[in-house]
Amino acid sequence: MTSKESKGELLEGIRRAVIAYDEEKCKELCRRTLEEGIDAGEAIFKGLTVGMDKVAELYASKEYFVPELLLCSDTLHAGLNILRPHLKTTRSSVRGKIILGVVEGDIHDIGKNLVKAMFEAAGWDVYDLGKDVKLERFVEEQQKIQANIIGVSALMTTSMLAIPKAVEALKARDSRVKIIVGGAPLNREIARKFGADGYSPDAGSAVQEALSLMGKSS
Ligand code: B1M
């Protein structure tokens, strides 16, 4: 077996373990990818995340329901916890502060947790407010932390409507604050309409977007 094949097999195994919500298998394979020297980012974005995309398809085709989604999500997070400390990104000389959270009424936090992992790996201080976050919490935390960036995630067409309210409340306190948004129902155009300063389609590009809003590059 060539090392390329074994890497491909490991990533495929991780995808399958997420789909089969086999938490132990997922953890074992994530540990093995690290032992084999495979990049943690690849294992996250070509293994765990691709597995979750397949889970979303199974949900859409009504082969999976909410209980399976929860189990698959737990499996993904179990693998992410093992891989996260080994993530390497281009560490920039800029170490910013970011407040992160998922909007009120929305408990989808897988994407937000991937974004968090990327900022941590880039050396940022991350203040994670979690999911279902009331807009007042973003405002209170910003008053305390004075972060460079506030990152807001929303996964539903309904919950994303909380974003313009959060932007308005945050900008009313400090018009210079920079807000980045992301999540499946959003795009750059909607982000602009909601008054956000930045948008990122995926966790990988969120750090770069933050840096460019701060007028820096990695
Ligand atoms: Co639900 N859910 N869910 N769900 N869920 C969706 C979002 C949905 C599209 C499924 C569908 O119907 N096709 C749909 C929303 C429809 C709409 O828009 N109105 C939906 C629904 C309806 C619901 C419930 C109402 C179901 C119910 O109870 N009947 C309920 C809502 C509960 C609530 O929030 N109040 C619900 C519940 C759940 C679970 C709890 C079971 C589970 C979430 C577990 C968890 O997150 N801990 C779940 C899941 C897993 C999904 C799907 C299948 C997968 C989402 C996911 O994790 N994707 C989803 C279907 C789909 O998206 N196709 C669906 C993988 C993840 C890596 O991608 O989160 O997009 P994503 O993150 C990406 C980018 O978007 C981006 O980077 C990430 C990685 O690159 N990104 C950012 C995200 N945030 C960012 C922030 C940034 C930058 C980039 O800067 C700040």
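Counting starts at 1 for both ligands and their atoms, in listed order. The residues of the chain are indexed from 1 along the displayed sequence. Model, not experiment: these values are computed from the prediction. Below, each value reflects all heavy atoms present in this structure, side chains not excepted, and no hydrogens, waters or symmetry copies.
In terms of the side-chain hydrogen bond (donor to acceptor under 3.5 Å, both in side chains) criterion, residue partners of Lys171 (sequence neighbours excluded) are, by chain and number, Asp197. For Asn187, the side-chain hydrogen bond (donor to acceptor under 3.5 Å, both in side chains) criterion is met by no residue, not counting sequence neighbours. Applying the salt bridge (charged side-chain N to carboxylate O under 4.0 Å, His left out) test to Lys178 and every residue at least two apart in sequence or in another chain returns nothing.
For the pair Glu68 and Leu58, the minimum side-chain heavy-atom distance is 4.5 Å or more.
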N/O contact list for ligand 1, threshold under 3.5 Å:
from	atom 1	to	atom 2	distance (Å)
ligand 1	2 (N)	His108	NE2	3.0
ligand 1	3 (N)	His108	NE2	2.9
ligand 1	4 (N)	His108	NE2	2.8
ligand 1	5 (N)	His108	NE2	3.1
ligand 1	18 (O)	Thr157	N	2.9
ligand 1	18 (O)	Thr157	OG1	3.2
ligand 1	19 (N)	Thr157	OG1	3.0
ligand 1	34 (O)	Ile107	N	2.8
ligand 1	35 (N)	Gly105	O	3.0
ligand 1	46 (O)	Asp109	N	2.8
ligand 1	46 (O)	Asp109	OD1	3.3
ligand 1	46 (O)	Ile110	N	3.4
ligand 1	47 (N)	Ser73	OG	3.2
ligand 1	47 (N)	Asp109	OD1	2.7
ligand 1	75 (O)	Ala184	N	3.4
ligand 1	77 (O)	Ala203	N	3.3
ligand 1	80 (O)	Ala203	N	3.0
ligand 1	84 (N)	Ser153	OG	2.8

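Note on Val115 and Ile99: separate hydrophobic clusters, where clusters join Ile, Leu, Val, Met, Phe, Trp and Tyr whose side-chain heavy atoms are under 4.5 Å apart, directly or indirectly.
Counting non-hydrogen atoms of other residues, nucleotides and ligands closer than 6.0 Å to CZ of Arg137 gives a total above 12.
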